[in-house]
Amino acid sequence: MLDAKFIRENLELVKKSLASRNDATSLDRFLAVDIERRSLLKEADALKQELNRVSKEIGKLKAEGKDLSEKSAGMKEVSQKIKDLDRQITLKDEELTNILLFIPNIPDVSVPLGKCSDDNKEVRQWGAIPKFDFTPLSHVDLGEKLGIIDFERGVKLSGARFVLYKGLGARLERALINFMLDLHTKEHGYEEMLPPFLVNRASMTGTGQLPKFEQELFWCERDDLFLIPTAEVPVTNIHRDEILTEDKLPLKYTAYTPCFRREAGSYGQDTKGLIRLHQFNKVELVKFSHPENSFDELEKLTNNAEEVLKRLELPYRVIALCTGDMGFGSAKTYDIEVWVPSQNKYREISSCSNFTDFQARRANIKFRAKDGKLKYVHTLNGSGLAIGRTVVAILENYQNANGTVRIPKALQSYMGGVETIG
RNA sequence: GGAGAGGUGGCCGAGUGGUCGAAGGCGGCUGCCUGCUAAGCAGUUGUACCCUCCAAAGGGGUACCCCGGGUUCAAAUCCCGGCCUCUCCGCCA
């Protein structure tokens with residue numbers, strides 16, 4: 001959420017921001033309501049001042065045992081008028097908030113301008129793309145042939161876009177979770193969290209999923225709870241409505257959770273395999289940063305996520321998303337894409353973003369600065385990494401001509417010493 | 001799900017109609033004092049919004065004692081509804 005006063009005072013900047021994101025939201029209504037609200041507020045405040053003044057006099061007179069009827073005459077009408085005005089102001093407030101909740105964050109100046117994913121900029125590449133002297137199989141074929149991923153039974157149990165891992169497939173998934181958590185906690189200094197997988201509306205609003213993206217969430221109607229689409233939601237909301245200690249920033253948390261996404265609107269995309277599921281596993285990285293160095297922290301967080309791929313020796317590249325392709329709340333985003341041989345291209349495996357104060361304002365997460373003032377922290381998060389897509393990358397990049405799959409060295413101890421599947 | 005208790009400032013905690021933005025304590029900050037540390041003494045210390053102003057500071061005002069209504073000239077305080085937390089019982093991995 002942007003600050004109302006900031007929009008008022010930086011109108012052109014905000015308009016440019018919206019345009020650069022291909023966001024058609026108009027600010028006209030916001031400006032009109034903002035003016036109406038302040039006008040009503042002024043009127044109501046003046047009447048309240050009058051009412052408070054008279055009420056105090058009455059209090060004094062009563063203490064002296066004097067007659068009050070003269071003073072209190074007419075005050076009932078004033079009181080009523082104030083109530084009417086307050087009601088109108090509340091309506092304006094709600095309307096303003098509703099508008100603000102739908103305005104995206106302002107992209108950082110370093111973000112490339114662009115309309116869509118074609119305009120994203122590659123930042124760096126790592127690792128050599130593997131050469132096969134046979135036609136590499138897709139992870140779908142490999143998974144089925146090796147008997148470690150059961151797509152049909154996933155559908156039987158829950159429907160399309162659900163999957164059943166079996167045997168060493170399940171083991172591989174679990175090994176990756178542990179490997180990543182260990183790396184981030186032991187070597188990168190993150191504290192491990194295991195949050196609830198169901199959260200309330202306040203949490204979803206705090207990180208920006210609500211109100212705009214309700215259609216993309218699984219919702220438990222009886223209890224008005226939502227299945228988390230990413231650990232970002234519960235982990236960022238850990239400090240909702242809190243004041244953090246400046247000296248302790250940045251706070252760095254990592255969490256494994258399953259993620260649940262309705263994938264509304266993605267019909268026909270990645271219908272087969274592990275790439276796009278309603279439920280998938282992910283290890284997430286979250287930071288609460290001082291505003292002064294949040295962009296440095298983004299670089300570090302991205303490096304932390306990349307390190308997973310380096311250890312697993314999987315080729316990847318990092319791209320900077322352009323303004324038109326960036327998520328709603330992000331001021332800057334790097335995507336990490338891993339090489340997928342069967343598709344002969346890089347596919348997203350992590351998305352690392354700096355939300356600046358966008359989420360902090362929604363979720364009310366502050367710190368007390370040295371000058372004694374309260375300021376919003378900056379929040380960041382990134383996948384470190386998506387587990388299912390890492391399985392895709394391992395199966396496909398580490399496959400042999402005979403259909404077996406080697407296990408990356410770094411992972412073998414987590415697999416109970418297994419070096420090859422199949 | 002049933003019964004009871006409770007939600008007050010950064011934290012703890014008092015306050016049952018007006019002089020309460022709110023006692024007291026802790027913590028924070030400033031000064032004094034002691035050779036250092038500790039202790040002690042004095043002072044100070046909420047947030048948001050509006051107006052003025054605009055570079056900042058300052059000044060004026062309003063709101064906020066979980067949330068939303070109501071009573072009243074006046075509500076932290078009285079009434080109604082809701083949410084949440086805790087304790088006990090039930091159920092349960």
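Quick caveat: nothing in here was measured; it's all calculated off a predicted structure. Per chain, numbering begins at 1; letters A, B, ... match sequence-line order.
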Given the rule in the salt bridge (Lys or Arg N to Asp or Glu O under 4.0 Å) test, do A:K252 and A:E297 qualify, once you have shown the distances and angles that lead to the verdict? CA-CA 10 Å; A:K252 299 158 70 177; A:E297 294 296 339; 5.8 Å; no

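- With rounding to the nearest 0.5 angstrom, the CG atom of A:N397 is 11.0 Å from the OG1 atom of A:T390.
- In this structure, A:E50 places its CD atom 13 Å from P of B:A74, rounding to the nearest Å.
- Considering only side-chain N and O atoms, A:N52 lies nowhere under 4.0 angstrom from the phosphate OP1 or OP2 of B:G18.
- As the counterpart of B:C20, no nucleotide is assigned, since no Watson-Crick or G-U wobble pattern has both distances under 3.5 Å.
- Nucleotide B:G35 forms a pair with no other nucleotide shown, judged by Watson-Crick or G-U wobble geometry with both contacts under 3.5 Å.
- Comparing the same atom, P, in B:G46 and in B:U72 gives a spacing of 36 Å after rounding to whole Å.
- Spacing between atom CZ of A:R38 and atom C1' of B:U62 amounts to 16 Å, rounded to whole angstrom units.
- Using a 30° and 60° split on the angle between ring planes, A:F218 and A:F162 fall in the tilted class, from 30° to 60°.
- Using P as the reference atom, B:A55 and B:C66 are 40 Å apart when rounded to the nearest Å.
- Across the interface with RNA chain B, nearest-nucleotide mapping of A:K42 and A:M75 shows A:K42 to be the residue nearer the 5′ end.
- Pairing for B:G9 is absent, judged as Watson-Crick or G-U wobble with the two contacts each under 3.5 Å.
- With both ends at atom C1', the span from B:G15 to B:G25 equals 15 Å, rounded to whole Å.
- Between A:Q49 atom CD and B:C50 atom P there is a gap of 17 Å when expressed in whole angstrom units.
- Note on A:K60: nothing from the nucleic acid sits closer than 4.0 angstrom, heavy atoms only.
- In this structure B:C54 sits in no base pair that meets the Watson-Crick or G-U test at under 3.5 Å.
- With a cut-off of 3.5 Å on both pairing distances, the Watson-Crick or G-U wobble partner of B:C88 is B:G2.
- If you take atom P in B:U44 and the same atom in B:G17, they sit 30 Å apart, rounded to whole Å.
- Summarising the geometry, the separation between CG on A:L61 and P on B:U19 is reported as 14 Å, rounded to the nearest angstrom.
- Between A:F295 and A:H378, the gap from one ring centroid to the other reaches at least 6.0 Å.
- Between B:A74, B:C50, B:U47, one nucleotide has an atom nearer to the side chain of A:L51 than all others, and that is B:A74.
- Rounded to whole angstrom, the span from the CG atom of A:D241 across to the C1' atom of B:U47 amounts to 13 Å.
- A donor-acceptor pair shorter than 3.5 Å can be found between the side chains of A:H290 and A:E246.
- Between B:U62, B:C49, B:A74, one nucleotide has an atom nearer to the side chain of A:S55 than all others, and that is B:A74.
- Taking the P atom of each, B:G7 and B:C32 are spaced 43 Å apart, rounded to whole Å.
- Remark: B:C29 base-pairs with B:G43. Criterion, Watson-Crick or G-U wobble with two distances under 3.5 Å.
- No contact: A:K56 has no heavy atom under 4.0 Å from any strand.
- In this structure, A:L374 and A:E9 both approach RNA chain B, and ranking their closest nucleotides by distance from the 5' end singles out A:L374.
- As rounded to the nearest Å, B:U62 and B:U45 have C1' atoms that lie 22 Å from one another.
- The pairing partner recorded for B:U62 is B:A48, the criterion being a Watson-Crick or G-U wobble arrangement whose two distances lie under 3.5 angstrom.
- Within 4.0 Å (heavy atoms only), A:R8 reaches sugar-phosphate atoms of the nucleic acid but no base atom.
- Between the side chains of A:T236 and A:N381, no donor-acceptor pair of N or O atoms lies under 3.5 Å.
- Taking only side-chain nitrogens and oxygens, A:R368 never comes nearer than 4.0 Å to OP1 or OP2 of B:G27.
- The NZ-P distance, from A:K48 to B:G21, rounds to 15 Å in whole Å.
- Considering CG of A:D45 and CZ of A:R38, their distance stands at 13.0 Å, rounded to 0.5 Å.
- Taking side-chain N and O atoms only, A:K62 has no distance below 4.0 Å to OP1 or OP2 of B:G18.
- One C1' atom belongs to B:G13, the other to B:U71, and the distance between them is 30 Å to the nearest Å.
- Which of B:G10, B:C50, B:G61 sits closest to the side chain of A:I243 comes down to B:G10.
- Across the protein-nucleic acid pair, A:K83 atom NZ and B:G68 atom C1' stand 13 Å apart, rounded to whole Å.
- With a cut-off of 3.5 Å on both pairing distances, B:U71 has no Watson-Crick or G-U wobble partner at all.
- For the pair A:R362 CZ and B:A48 C1', the interatomic distance rounds to 19 Å; values are reported in whole Å.
- Taking only side-chain nitrogens and oxygens, A:S79 comes nearer than 4.0 Å to OP1 or OP2 of B:A74.
- Using atom C1' as the reference point in both B:G60 and B:G6, the two lie 39 Å apart (nearest Å).
- A:R87 comes within 4.0 angstrom of the backbone, heavy atoms only, and of no base.
- Closest approach to the A:D3 side chain among B:C51, B:C49, B:U62 is made by B:C49 (side chain taken as heavy atoms from C-beta onward).
- Looking at heavy-atom distances under 4.0 Å, A:R53 makes no contact with the nucleic acid at all.
- Between the side chain of A:Q399 and the backbone N or O of A:L137 there is at least one donor-acceptor pair closer than 3.5 Å.
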